[in-house]
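Per chain, numbering begins at 1; letters A, B, ... match sequence-line order.
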Amino acid sequence: MKKVFALIDCNNFYCSCERLFRPELEGQPIVVLSNNDGCVIARSNEVKALGIKMGDPYFKLKDIIAKHRIQVFSSNYALYGDLSHRVMTILQQQEPEVEVYSIDEAFISLPYTPGKLHTDYARYLKRKVKQCVGIPVAIGIGPTKTLAKVANRLAKKIPDHGGVFDITDHGQIDHLLANYDVEDVWGIGCQSANKLRGRGILTARDLRDADDVWLRKKLTVTGLRTAMELRGISCLPLEMVQADKKSIISSKSFGRPVTTLSDMKEAVATYLSTAAEKLRNQGSVAGSIQVFVTTNPFNPNQPQYAKSMTATLPRPSAHTPTLLKAAVRSLEQIYRAGFQYKKAGVMLTDISPHHLQQESLFGPNTTESMELMAAVDQINKKWGRHTVQLGTAGFEKSWQMVQSHKSPAYTTSWSELPIANGAV
DNA sequence: TCTGGGGTCCTAGGACCC
DNA sequence: TCTGGGGTCCTAGGACCC
């Protein structure tokens, strides 16, 4: 049976989440900032209209923010993650085939039907999500994922479409693609766009009609795949089961410069605990662990230093203290005194399923220590992150990130529940 | 003073083998 | 001056995504 893809994409997702509990902000300009209130990662339409770009540093925007009374929020991932889950659940209740592509996007696959049935159904889904969760979405439909992405963008951009657009069987597809900047095509970043422009390929239509041999050579198979998808030949299937992570990173910028090895150890231990918990959560073990530290590359007046080191474990593990020992050994080797460090992180790699791991013939039995880890995870799940943690991770964590405009965890913390009538 | 975090895939090139 | 050919595996780095 012939099928089409639909892409459901939440509109300005983080901003919409913030508005959900502050309805008076409907129609008002809003931005959401990255960790440490560093830069802009979500903008309401009003803010986009002011010319503020994704990734603009917050400190450079203070004037324009004051002038236009833009509401500022620190990112609140507990809130966004929970609302995302609710949106995805609604879609999964309606549809058997859902691919959760990112925190605010999902692909579904629908049986192909001529006429406007796709569009009618998408309008129904859109209403359903709005009604059940309160988050506005746009839906694009096409014969391939890449064309569904194109359609989604057009659904949002052109008000007449009302947030739903089907590009399958569209009579004007040539015209639509000819007015679609090649850099806005899914999978074409600015490097590829530069190469394409150099050859006079400026629009999605040009890319669709470009020469395969040249594309393969300059943009590798991924670029060729994108062109095929624009031709309506589906190369990217719907992926419904989420594959295990092949690498797990935990890394954050510091709230203030870190200048001592002991603070750095606290940070690395804290990040490692987070990564190891994720690792256990997917039932895996890691074979190697990388530690990295860096100064602030945006401050050219300070001496710069960045270094990473990968350690291979004698045998794969998900045991936090074992991983930590290897991480600290690496850290001690790469750490240099006299620098103002801005960021550090750990990356777990060579990940494999725990159940495939071979027990060591002579080494210690790992079952007991993993039971301890399971208990730690359970406690932290129930009572909150870092309720039980490694001593090395520190207690004050004075280097921790700063979030000065954070909204409450309205939906995930009893103590932060919103109050309906306000008469308290 | 202040510029995010977490992922995937692909390729080139080196090391090594016969 | 001239110095094989072919294959695999691993890693670093680039590019992309949200």
Tightest non-hydrogen contact, residues A:Leu313 and A:Ala286, listed as CD1-O, 3.3 Å

Salt bridge (charged side-chain N to carboxylate O under 4.0 Å, His left out) filter on A:Lys130, not counting sequence neighbours, yields none

N/O-N/O pairs, protein side and nucleotides 9-13 of chain C side, under 3.5 Å:
none

note: A:Ile41, atom CD1; B:dT3, atom C1'; distance rounded to Å ~ 13 Å

Atom CE of A:Met347 and atom C1' of B:dG6 are separated, to the nearest Å, by 11 Å

With sequence neighbours left out, the residues meeting side chain to side chain donor-acceptor pair (under 3.5 Å) with A:Gln282 are A:Ser284

Once you apply a heavy-atom cut-off of 4.0 Å, does A:Lys342 come out as touching a base, just sugar-phosphate, or nothing?
sugar-phosphate

Interatomic distance at C1', C:dG4 relative to B:dC17, whole Å = 14 Å

> Is the distance from OP1 or OP2 of C:dC18 to the nearest side-chain N or O of A:Lys149 less than 4.0 Å?
Replying inline: yes

| message | Any heavy-atom pair between the side chains of A:Glu99 and A:Lys145 that's under 4.5 Å? | response | yes

Ordered by number, residues from residues 215-227 of chain A within less than 4.0 Å of DNA chain B (heavy atoms) are A:Arg216, A:Thr220, A:Val221, A:Thr222, A:Arg225

* To do: Return the orientation label for the A:Phe21 and A:Tyr410 ring planes: parallel under 30°, perpendicular over 60°, tilted otherwise.
  => parallel

When rounded to whole Å, the CG to P distance for the pair A:Asp37 and B:dC2 reads 14 Å

- Message: Side chains of A:Arg197 and A:Glu183, heavy atoms from C-beta outward: is any pair under 4.5 Å?
- Response: yes

When A:Met54 and A:Lys278 are each assigned the nearest nucleotide of DNA chain B, the 5'-most assignment goes to A:Met54

A:Tyr77 atom OH is separated from B:dG4 atom P, nearest whole Å, by 11 Å

A:Gln302 atom CD is separated from B:dT3 atom P, nearest whole Å, by 10 Å

With a 4.0 Å cut-off on heavy atoms, is A:Val32 in touch with a base, just the backbone sugar-phosphate, or nothing at all?
-> nothing

Winner on side-chain proximity to A:Lys343, out of B:dG4, B:dG5, C:dC18, is B:dG5

Q. Any luck finding a side-chain donor-acceptor pair between A:Glu95 and A:Tyr121 under 3.5 Å?
A. yes

Check whether any side-chain N or O of A:Asn36 sits under 4.0 Å from OP1 or OP2 of B:dC2, and answer yes or no.
no

Sorted by chain and residue number, the side chain to side chain contact (heavy atoms under 4.5 Å, CB included) partners of A:Asn152 (sequence neighbours excluded) come out as A:Leu7, A:Asp9, A:Ala138, A:Lys156

In whole angstroms, the gap separating P of B:dG4 from CG of A:Leu33 amounts to 11 Å

Ordered by number, residues from residues 259-273 of chain A within less than 4.0 Å of DNA chain B (heavy atoms) are none

- How are the rings of A:Tyr305 and A:Phe339 set to each other: parallel, tilted or perpendicular (split at 30° and 60°)? parallel

A:Arg225 and A:Thr146: side-chain donor and acceptor closer than 3.5 Å? no

Here the distance between atom C1' of C:dC17 and atom NZ of A:Lys145, to the nearest Å, is 12 Å

**Item:** Side chain to side chain, A:Tyr180 and A:Arg153, heavy atoms closer than 4.5 Å
**Value:** yes

*asked:* Hydrogens and angles aside, do A:Ser16 and A:Asn11 bring a side-chain donor and acceptor to less than 3.5 Å of each other?
replied: no

For A:Phe5 and A:Trp186, I'd like to know if the aromatic rings sit close, meaning centre-to-centre distance below 6.0 Å.
no

Atom CD of A:Gln403 and atom P of B:dC2 are separated, to the nearest Å, by 18 Å

Compute both the distance and the angle, then confirm whether A:Lys343 meets the cation-pi test with A:Tyr341: under 6.0 Å from the six-membered ring centre, within 45 degrees of the axis. no

- Message: So that I can tick it off, tell me whether A:Asp174 and A:Arg208 are bridged by a salt bridge, with the cut-off set at under 4.0 angstrom between side-chain N and carboxylate O.
- Response: yes

4.5 Å side-chain heavy-atom contact, A:Ile289 and A:Leu272
yes

By ring-ring contact (aromatic ring centres under 6.0 Å, His included), A:Tyr77 pairs with (sequence neighbours left out) A:Tyr14, A:Tyr80

Writing each nucleotide of DNA chain C 5' to 3' as (, ), [, ], | or . by Watson-Crick or G-U pairing under 3.5 Å yields ....||||||||||||||

Looking at every strand, decide which applies to A:Ile188 at a 4.0 Å heavy-atom threshold: base, sugar-phosphate, or nothing. sugar-phosphate

ask   = Parallel, tilted or perpendicular for A:Tyr271 and A:Phe254, by the 30°/60° rule?
value = parallel

Testing B:dC2, B:dG7, B:dG4 for proximity to the side chain of A:Asn296, the answer is B:dC2

Contact check, residues 234-253 of chain A vs DNA chain B, heavy-atom distance under 4.0 Å, returns A:Lys245, A:Lys246, A:Ser247, A:Ile248, A:Ile249, A:Ser250, A:Ser251, A:Lys252, A:Ser253

Do any side-chain atoms of residues 41-52 of chain A form donor-acceptor pairs under 3.5 angstrom with protein atoms, and if so which ones, sequence neighbours left out?
{"unit_1": "A:Arg43", "atom_1": "NH1", "unit_2": "A:Ile52", "atom_2": "O", "d": "2.9"}
{"unit_1": "A:Ser44", "atom_1": "OG", "unit_2": "A:Ile30", "atom_2": "N", "d": "3.0"}
{"unit_1": "A:Ser44", "atom_1": "OG", "unit_2": "A:Glu46", "atom_2": "OE1", "d": "2.7"}
{"unit_1": "A:Asn45", "atom_1": "OD1", "unit_2": "A:Asn12", "atom_2": "ND2", "d": "3.1"}
{"unit_1": "A:Glu46", "atom_1": "OE1", "unit_2": "A:Arg19", "atom_2": "NH2", "d": "2.9"}
{"unit_1": "A:Lys48", "atom_1": "NZ", "unit_2": "A:Asn12", "atom_2": "OD1", "d": "2.7"}

Sorted by number, residues from residues 56-66 of chain A placing a heavy atom under 4.0 Å from DNA chain B are A:Pro57, A:Phe59, A:Lys60

Sorted by chain and number, sequence neighbours left out, side chain to side chain contact (heavy atoms under 4.5 Å, CB included) with A:Val388 holds for A:Val376, A:Ile379, A:Asn380

